[in-house]
Enquirer: 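Before anything else, here's the structure in question.
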Amino acid sequence: IKHKPYVKVLKLKGRREALEFAADCDLTLLIQHSGERSKVTIPYKTYDYINLGNNVLGLLNSGELTELLCNLGYRAAPVDDVNAIAAELAALLAGESTAKRLALRLDAVAQAKILIELP
């Protein structure tokens, strides 16, 4: 893989260590694949990113995930739309964030149990 000079590749980290690192960042980038499966799935890491309380930029392929992030005030663009991604980055750089820091943490497992009506 050829890397750009402005991209720093970090060593692989465990989930906890990665989240601790991400908590100190200004922005968390959530990138979905452009395939059909991504249109109907929400990666678990989405909830981790939201719970960090950082700005989130989602490069997405799911209407449901786009709606979730945007309703919470985060930014999103279609993963295959370079102009939309550039516009979202420009808005973030201009300080146009409306993200709401959540008093309650989102729990994907608890939400799934509610959706399928489990105790």
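We number each residue from 1, following the sequence as shown. Every heavy atom of this structure was used, including side-chain atoms; hydrogens, water molecules and symmetry mates were not.
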Enquirer: Might you point out which heavy atoms bring Leu52 and Ala22 nearest each other, and give the distance in Å?
Expert: CD1-CB, 3.6 Å

Enquirer: What's the separation between atom OH in Tyr47 and atom CD1 in Ile42, rounded to the nearest 0.5 Å?
Expert: 4.5 Å

Enquirer: Assess whether atom CG of Leu12 is packed by more than 12 heavy atoms of other residues, nucleotides or ligands within 6.0 Å.
Expert: no

Enquirer: To check you understand the geometry: which heavy-atom pair defines the closest contact between Gln32 and Ser62, and what is its length?
Expert: OE1-N, 3.3 Å

Enquirer: Say you draw a straight line from CG of Leu57 to CG of Leu59; how long is it, rounded to the nearest 0.5 Å?
Expert: 5.0 Å

Enquirer: Answer whether the closest heavy-atom distance between the side chains of Ile50 and Thr28 falls below 4.5 Å.
Expert: no

Enquirer: Among the clusters formed by ILVMFWY side chains lying less than 4.5 Å apart, do Leu29 and Phe21 turn up in the same one?
Expert: no

Enquirer: For a quick test of reading the model, state the closest non-hydrogen atom pair linking Lys45 to Ile31 and the distance between them.
Expert: NZ-O, 4.3 Å

Enquirer: If I compare all heavy atoms of Ala23 with all of Asn54, which pair ends up nearest, and what's the gap?
Expert: O-OD1, 3.7 Å

Enquirer: Could you tell me which non-hydrogen atom of Ala76 sits nearest to which non-hydrogen atom of Thr66, and how far apart they are?
Expert: CB-CG2, 4.0 Å

Enquirer: Give, for atom CZ of Arg16 and atom CG of Asp48, the distance between the pair rounded to the nearest 0.5 Å.
Expert: 11.0 Å

Enquirer: Do Pro43 and Leu65 come close enough that some side-chain heavy atom pair is under 4.5 Å?
Expert: yes

Enquirer: Using 0.5 Å steps for rounding, measure from the CG atom of Leu89 to the CZ atom of Arg75.
Expert: 10.0 Å

Enquirer: Once you round to the nearest 0.5 Å, how far does CG of Asp26 lie from CG of Leu92?
Expert: 10.5 Å

Enquirer: At what distance, to the nearest 0.5 angstrom, does OG1 of Thr46 lie from CG of Leu72?
Expert: 11.0 Å

Enquirer: What are the two closest heavy atoms between Val56 and Tyr49, and how far apart are they?
Expert: CG2-O, 4.1 Å

